[in-house]
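Below: the structure, in structure tokens.
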Amino acid sequence: MSARNDSAPLLRIEGLGIDFGGLRAVNDVGFSVLPGEIVSVIGPNGAGKTTLFNMISGIYLPGRGRVVLADEDVTGMAPHLLARRGLSRTFQNLQIFQTMTVLDNAVAGHHLHERGNVLADLFCLPGSRRRSRASEASARALLDRVGLGRAAHHEAGSLSYGALKRLEIARALALNPRVLLLDEPAAGCNAVETEEIDRLIAEVAAEGVAILLVEHDMKMVMRISNHIVVLDHGEMIAEGDPGSVSRDPRVIEAYLGTQATEAADAER
Amino acid sequence: MPELMQYLLSGVTVGAVYALVALGFTIIYNASDVVNFAQGEFVMLGGMVTVFAYGAGLPLPLAAVIAILVTAAAGVALNKLAIEPARGAPVVSLIIITIGASIFIKGVAQIVFGKQLHRFPAFSGDAPLRVMGATILPQSLWVMAGAVAVFVALWLFFTRTLTGRAVLATANNRVAAQLVGINTNYMMTLSFALSAAIGALAGVLVTPITLTSYDVGIALALKGFAAAMLGGMGNPMGALVGGLLLGILEALTAGYISSQYKDAAAFIIIIAVLFAMPQGLFGRKSTDRV
Amino acid sequence: MLSVEGLRSRYGRIEVLHGIDLTVGSGEIVTVVGANGAGKTTLLRCLSGIQPVSGGSILFRGETLTAVPAHRRVARGLAQSPEGRQIFTNLSVEDNLRLGAYLFADDRVEKDMDEAFALFPILKQKRNLSAGGLSGGQQQMLAIARALMGRPSCLLLDEPSMGLAPILVAQIFDVVKGMRGLGVTVLLVEQNAFGALSIADRGYVMETGRITMSGPAAELVADERIREAYLGI
Amino acid sequence: MRLPPKYTTLLVLALLIALAPFFFPSSFYYRVGALIFVNGIAVTGLVILIGYAGQISLGHAGFAGIGAYACALAPVHLGLHPGAAILLGAAISGALAWVVGRPILRLQGYYLAVASLGFGILVAMILTNEAQITGGPDGIAVPDLGLRPVLRDLGLDLSNAEFWYVFSALALGLGAWLALNLHQSPTGRALRALHGSEVAARTVGVDVARLKLQAFVISAVYASVSGSLLAQMNRFVTPDVAGYMHSIEMVTMTVLGGAGSVLGAILGATLLTALPQALTVFQEYEHLMLGLIMMLVMIFMREGLLPSILRRIRGRSE
Amino acid sequence: EIRIGATLSETGGASFLGDPQGKTLKMLVDEINANGGVLGEEIRLFMYDDGGDPNRARTFATRLIEDDEVVAVIGGTTTGTSMAIIPVFEEEEIPFISLAGAIEIIDPVRPYTFKTPHTDRMACAKIFEDMQARGITRIGMISGSDGFGASMRNQCLQIVGDYAIEVLADETYAPADADMTPQLTNIKSNAQIEAVLNPGFGQGPAIVTRNYAQLAIDLPLYQSHGVASDGFIELAGAQAAEGVRLPGTALLVADLLAEDDPQRPVVEAYKAAYEGAHATPVSTFGGYAHDALRILVDAMERAGSSDPQAVRDAIEETSGLVGTTGTVTMSADDHLGLTLDAFRMLEVRDGAWTLVD
Ligand SMILES: Nc1ncnc2c1ncn2[C@@H]1O[C@H](COP(=O)(O)OP(=O)(O)OP(=O)(O)O)[C@@H](O)[C@H]1O
Ligand SMILES: Nc1ncnc2c1ncn2[C@@H]1O[C@H](COP(=O)(O)OP(=O)(O)OP(=O)(O)O)[C@@H](O)[C@H]1O
Ligand SMILES: [Mg+2]
Ligand SMILES: [Mg+2]
């Protein structure tokens, strides 16, 4: 915990909030994520987790507050500009490039690093070709990493739900992000598959990427988080390390439920 | 001042024609996301069949009813023979099918009805009515009444009936619609029948004003489409308001600016409106979240 | 109640179900577990009729369903809460629920809707909002509630706990358990295999389009292979 | 060694173009061929816009009109060489596409369609109404490209139809090559990505607005060149070239052939250009047949001619 | 056999013109063949529908020459299609008789290009003469924006000065417009205007006429030869059309012609044949095709050959040929061969066309 204060945060959120009509979907949320750290955001359904992600990644314009990415105020910046600054994410409601192959989906994630000029692309100049080849190689490696290597040439639309979730992770990683936002990456995966994803996330974090995670699988969250932020009705109701959060009575009441806590304890 | 009044009356007359055509697009669009490019041909069929039935000696109201039924049957046939077999095809492919259907129907009409212009008598005579120094033909009132009646009927259909909502559900998510027990094929057939019937009704009402021939469909469909988009596709209110607005805009431009560029003015305004309201005046943004 | 024999299904040229045999007795809760891409979703899609079947047979209450279109199966009592939720995003929450009871127009619809709202109070709060604006978990609740509105005698649930907060997962499993008392048969596909097996009567294990194991749920939970492959214990 | 799909496509195209004349019963077919290629150019541009980027335009005939009238007017009023007029037309079209594309491309689906339709109608209307300059609805003559005499001096004596067959085939080849390059390039991939999911494309760093605009401009240039070539081949042009029927025809060709593939779309152009010639035997049943065939193709080959045919061939070989 | 080609706008915006032309050609060719053909050979007609699209017309022109190997071509229903295909025939040296109105087709004279309809300019002249005779000096114009309307408007504006007539209002409407009251209101509100001229064809003029009556505009209304048919009165309504004048051909008033009018037998024969074969009344436009074929056949018979060059020369020497449009006498610098008296000023009286004397 003390380590948190040592290095400069990669992502800092201050007093972030947004309203939809009369609904305060998110209000006054603030925390920060350090390089190599995994911060989880948990909370009941409709607490505002995905909305928070959407504000951080530039899909919604925050109504209040600031988002600071590596000391730069990026509040309300367009998603593609954020991507160029190293922010990458996955989606709770899958956003797959359906008609492209699995490989092309992953390569598209690498877009930033192969971005050339339309004219060069039109005339197939050598630079453009070289960049293409390089991104393909790194995309393949990523697909192998998430276990989709064999499906590289399938049309993305033909994958099962769990496979698509992993494809999204691969695509987000292809960006070589500094900050990675994962919205329920383990949804649709069984316990064993979830552990694989766990490992992957831990590896990525170990490379120095700041990770912000939304997940309802408490076992996973408790296992890998360095820090946990709890939202309820858009407000932060608790924050801290896994141990303290999981014992926080307010969190138990609003989110975990006594049954689940007991079950988890029993399993442990 | 009487000029302005005359422009407005003209605009409302023409606008009601556009609105009727635009309303016809609504149901098929709401059931399938397809803009039916053959909608103009339904309007043509409505007018043409009435012309010939009336010409054969039937009383006008009966001729009109026959025309509407025949056109509705054509709509059902279009769905059964062309749209349903292509189930699962991308929306653009379905649109091309409707373009093909429009060419086909026009081709048939050209052979069956010939290439002459036709009209039948206005329902309530040709004596113009005077309104504040301007004049309007009684048939225009019929067209306006028709547009309003269809609008009200559609509005009730989509907001007050379960079937109306089932039609919306079919377009929104076909698989889910089947999973709750909606017979999506039937919904499509129904919507083609209703759209065609509305188109035919439009044809019946406007022919005394605009005249009809085998190839009036495209021009009407184009303006109706533009009107529907201006108002917001799929929303009956949008079709009505979009149509009237388009008609009035054209009339005012023709009256005050330039009759050569009246269509241009209409489209410039459409583009300007869409720039401010990308879903048209009454269109709702779809709320798919990520 | 439901019996499946030699069921085969394909996407285009690729067969993904290679002959599935499965039965679900009346009032039983049966769960199917399996890895990503095993074909669980495809199986449920075949049962509800939105996925064409290329071989085998489906018998429901003694009648063969293979040629019955999806919307008629609903009338026979088969309802599904599909993968990916598949709610009507452009319609209001209430309309979504009302359409769940599309085949009915009696007083019970109101009552069922109230029950759904009692089960998921958040849906009541949002009843007039368009369903596309709901959070992921709220949409999942809506999908389940909509399936319940269809008064099924057999309920097909595809990962109902997905995206739900732990407190609600527990609640969903309670609801499923409660189905037994109402005489509703349930076929449950779950990634939370531990939870599913602990409320189910029997279970099937599916691997790449085939059933590889089956038995009473309690036995499966205890099975070493299953614990290792699916429960992560 | 297997050829990459790009070269396979170009090779197939080149073979077809080179071999077809051996089957021509009369030199009239050179004319049909040239028309196919000219339409093929416009349609290839639309593959980039519709097939890759998923944006519908019902106004591309407007750009064809600009290209065509540039060839009619620039040589007379600006003293430009007809060849340079093609470039001028392309430049104007590109610039105009860039200007109108900004607001228009914010729209989606049918809203984009109607806005672009409005643009096309505007162009057609100016060409029709400004009769002092454009010759009005009855059209205007276009100066000759003047390349044939040059070729003749070089010892290559081609008839008018033959010349245009070769010339437009080369232009199409170039257009197809560029479009195929784009397909596999980062830009092409990004275009296809935004077709799949705009949100996701944004979050991987695609500047969606800019990219759409680029696709729009490129396709406008294609349409413009197509219009220019048509005008110079016919030596005469009327505002019909900019009419919405022409726009709809272009989109129909693209989708009918298979919007995602260059070869497919060219196949669509071939079908819709050659079919009316073949259907003249049906006399007054011509239109009916045309509509019927369009419907049948789309019903039985819902992804378009070429993709469906390929799928079927692959399906059988397995 | 002798191969003759035609490319007409049987469909599309100009189908009112092209359709009767196509029907006429087919009917007459059958008739000629039934009577032994020309020069002892059968005529074979290759006819295509260009839909009014100049690009398609050009393709069909090439096809007629290269593929069908015809010796002469009739067609080009519209000025646009005609102008688009003229270069083909001039280059290939095939005689071509256009059925379109604009003066550009035969002015300047091109060796192989002829036409049968009087020019729009002549129609304008006829109308302006009539206006002059009635003492009208200030007029309003409302024209269709299609090729026909725009071309005639253009030519009328060019010569209107010669008649000391001033155009005070110049409105247009699009071919498919449903209501012209705004334009007519503008004309009406200009108190100086003494008459209104409406160049156009199709439904536009009928709607203009109806709106004219609706607005109770009390000035003489002139239509063009574009609507010279009985259908016009029916569409506009007899009441609204009452008093409308237009320059028409003898065809429209066949039964009103003087017994000794040289055109009478010709137009009566054509009218009877056409109306016998088709359920629709004859129109001026079908007459253009009738005359074109007659000119062609006459030239072949005089030349004693169907060789394109010989036929061309013979057409140029056509003299005193009585057609439905008028009496045709061509020369090396007149490839039309009609004079203004080909037009007759007609007026609707009691729901029927009558001759204005
Ligand atoms: N675009 C929108 N329009 C209307 N309401 C919205 C919109 N986006 C979010 N909301 C509302 O804001 C609240 C927060 O939603 P959000 O998706 O952030 O929840 P969440 O914490 O991600 O929940 P879950 O765990 O179910 O995914 C919800 O009540 C939702 O209905
Ligand atoms: N639309 C499709 N087209 C082609 N193949 C498909 C399609 N949908 C699924 N598949 C394939 O069918 C197989 C079974 O998929 P299915 O979705 O049934 O798996 P699942 O068991 O539900 O997996 P998950 O747990 O990830 O949801 C997978 O190999 C998948 O790739
Ligand atoms: Mg969420
Ligand atoms: Mg699944």
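In what follows, every chain begins at residue 1, and chains take the letters A, B, ... in the order their sequences are listed. Note: hydrogens, waters and symmetry copies are ignored here, and every other heavy atom, side chains too, is used.
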Is it the side chain or the backbone of [X] that comes within 4.5 Å of chain E heavy atoms, both, or neither?
{"X": "D:H246", "value": "neither"}
{"X": "D:F28", "value": "both"}
{"X": "D:D240", "value": "side chain"}
{"X": "D:M233", "value": "backbone"}
{"X": "D:E286", "value": "side chain"}
{"X": "D:L35", "value": "side chain"}

Just checking, is any N or O donor in the side chain of [X] or [Y] under 3.5 Å from an acceptor N or O on the other one?
{"X": "D:Y165", "Y": "D:N160", "answer": "no"}
{"X": "E:N154", "Y": "E:R121", "answer": "no"}
{"X": "E:D146", "Y": "E:Y173", "answer": "no"}
{"X": "D:S219", "Y": "D:H60", "answer": "yes"}
{"X": "E:T79", "Y": "E:S82", "answer": "no"}
{"X": "E:Q155", "Y": "E:T119", "answer": "no"}
{"X": "E:T113", "Y": "E:E90", "answer": "yes"}

Return the option, out of [options], with the maximum number of heavy-atom pairs under 4.5 Å with chain D.
{"options": "E:M47, E:R63, E:M83", "answer": "E:R63"}
{"options": "E:D49, E:D53, E:N55, E:T172", "answer": "E:N55"}
{"options": "E:I65, E:T62, E:D67", "answer": "E:D67"}

Shorter than 4.5 Å, heavy atoms on both sides: which option in [options] has the most such pairs with chain E?
{"options": "D:V237, D:L230, D:D138, D:V241", "value": "D:D138"}
{"options": "D:G243, D:P276, D:S27, D:G136", "value": "D:S27"}
{"options": "D:Q277, D:M125, D:R235", "value": "D:Q277"}

message: Would you say that more than 12 heavy atoms from the other residues, nucleotides or ligands in this model lie under 6.0 Å from the OH of D:Y285, or not?
response: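 No, OH of D:Y285 has 12 or fewer neighbouring heavy atoms, counting only those of other groups under 6.0 Å.
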